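Heads up, the thing below is written out as structure tokens.
Keep in mind it's a predicted model, so treat the numbers as computed, not measured. Throughout, residue positions are numbered sequentially from 1 according to the sequence presented.
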Amino acid sequence: MVTVRRQPLAAQAAELLLDRIRAGEWQLGHKLPGETTLAAQLGVGRSTLREAIRELAGHGVLESRQGAGVFVTALEVAEEWDEVLRRADIVAVVEARIAIEAEAAALAAQRRTPADLRTIRRALSARAGAGASVEALVDADTGFHRTVIAAAHNEVLLQLFDAFVPRIHLTMSQLLRMRPMSDPAADHEAHEQLFAAIRERAADTAATVSRVHLTALKTALGPAPTDSGVPLRR
């Protein structure tokens, strides 16, 4: 059986445990062997094993349950969210936005408060008055969509949207410089329709408007070449 040979011992022990989980020795939800047994298998002391378990618990792979033992809660260390988004194709990011924002729009229609409506209305007005500046329009558009998600009163959805913002901002700015909107008035009308649906508590309509709008964005961000023949940088 492979044992730990090099420093740092806890990190090596954590890697060996993770290798065994990856290999299927313990399935999702299964309990690890007792501390004494596992420490002996790895060739480390119990304090080193505890540190290794804490490291994997910090990555969401293991969970220590008082009085019950240590259980497998994931089969792989999760990548840092920022790194995932940096590598993701922008179309994949928009697809994720569709899933998040359509649901958020429906929830916003159900849960919005009078204060939420005032905030969304101000953001809509700011978007209308953004002028010809691409950066100003992208900022105002992002701000509007964020107010809708905030009105859903779901912190997880809001944090997911905030994580997407840096990934999409540059690409949207590039897109609008190379392919300006053919009908800005119609685009803004879609945002007004979303606001109206939320105001009227029409959850299904709000979700549909959001989905249709973002699907059109996904199509615009597709692999069509620029006038120079160079695909849009993602």
Side-chain angles (χ1 to χ4, degrees), residues 81 85 88-222 224 232 234:
W81 185 233
L85 289 178
D89 185 282
I90 189 64
V91 171
V93 173
V94 174
E95 288 173 347
R97 279 190 63 189
I98 293 170
I100 290 168
E101 294 192 47
E103 178 63 15
L107 291 174
Q110 296 166 355
R111 300 174 178 175
R112 62 43 168 200
T113 65
D116 290 328
L117 283 182
R118 290 193 293 271
T119 300
I120 298 171
R121 185 183 290 109
R122 284 196 298 269
L124 186 62
S125 296
R127 190 183 187 281
S133 167
V134 168
E135 290 291 336
L137 177 58
V138 172
D139 287 342
D141 183 73
T142 302
F144 170 81
H145 286 278
R146 192 181 192 281
T147 63
V148 170
I149 296 172
H153 296 280
N154 182 311
E155 187 64 26
V156 175
L157 291 177
L158 187 59
Q159 289 192 24
L160 285 171
F161 177 80
D162 286 345
F164 290 149
V165 169
R167 178 67 180 90
I168 64 176
H169 194 281
L170 177 60
T171 302
M172 285 301 303
S173 298
Q174 290 176 332
L175 174 71
L176 290 174
R177 289 191 183 96
M178 290 185 287
R179 297 185 238 167
M181 283 186 290
S182 58
D183 192 348
D187 180 75
H188 190 69
E189 173 64 22
H191 292 77
E192 291 181 334
Q193 290 173 1
L194 178 56
F195 170 71
I198 293 170
R199 183 187 60 212
E200 300 303 319
R201 298 194 184 277
D204 290 344
T205 301
T208 298
V209 171
S210 177
R211 186 176 293 109
V212 168
H213 168 67
L214 288 171
T215 299
L217 173 61
K218 172 187 168 181
T219 300
L221 286 168
L232 179 67
R234 303 270 172 90

Report yes or no: do Thr113 and Asp116 form a side-chain donor-acceptor pair below 3.5 Å?
-> yes

Does the side-chain contact (heavy atoms from CB on, under 4.5 Å) test come out yes or no for Arg121 and Leu124, once each step is laid out?
-> CA-CA 5 Å; Arg121 185 183 290 109; Leu124 186 62; 5.5 Å; no

Angle class for the His145/His213 ring planes (parallel below 30°, perpendicular above 60°, tilted otherwise)?
-> parallel

Given side chains that start at C-beta, do those of Val138 and His169 come closer than 4.5 Å, heavy atoms only?
-> yes

Heavy-atom side-chain contact between Arg146 and Leu158 under 4.5 Å = yes

Indicate yes or no: does Glu135 engage Arg177 in a salt bridge with an N to O separation below 4.0 Å.
-> yes

Any idea which heavy atoms bring Ala109 and Ala197 closest together, and the distance?
-> CB-O, 4.1 Å

For Ala130 and Ala136 the tightest heavy-atom approach is O-CB, 3.6 Å

Dump the intermediate steps for side-chain contact (heavy atoms from CB on, under 4.5 Å) on Arg97 and Leu217, then the final yes or no.
-> CA-CA 11 Å; Arg97 279 190 63 189; Leu217 173 61; 4.1 Å; yes

Atom of Ala96, atom of Phe164 and distance for their closest heavy-atom approach = CB-CZ, 3.7 Å

What are the two closest non-hydrogen atoms of Ala206 and Ala106, and how far apart are they?
-> CB-N, 4.4 Å

How many angstroms lie between CZ in Phe144 and CG in Leu137, if you round to the nearest 0.5 Å?
-> 12.5 Å

Mind checking the NZ-CZ spacing from Lys218 to Arg211? Nearest 0.5 Å is all I need.
-> 12.0 Å

Passing option when Val209 is tested against Leu214, Ile198, Asp204, Leu194 for side-chain contact (heavy atoms from CB on, under 4.5 Å) | Leu194

Rounded distance [0.5 Å steps], CD in Glu103 versus CD1 in Ile149 | 11.5 Å

Flag side-chain contact, heavy atom, 4.5 Å: Met172 against Val94 = no

Residues Ala102 and Ser210: closest non-hydrogen pair is N-OG, 3.7 Å

In short, Ala203 meets Gln110 closest at the heavy-atom pair CB-NE2, 3.7 Å

So CD1 of Ile120 and CZ of Arg112: to nearest 0.5 Å the spacing works out to 8.5 Å

CD of Glu95 to CD1 of Ile100, rounded to nearest 0.5 Å, is 12.0 Å

Rounded to the nearest 0.5 Å, how far does OG1 of Thr147 lie from CZ of Phe195?
-> 9.5 Å

How far apart are the C-alpha atoms of His191 and Asp141, what are their side-chain angles, what is the distance that settles it, and do they pass the side-chain contact (heavy atoms from CB on, under 4.5 Å) test?
-> CA-CA 9 Å; His191 292 77; Asp141 183 73; 2.9 Å; yes

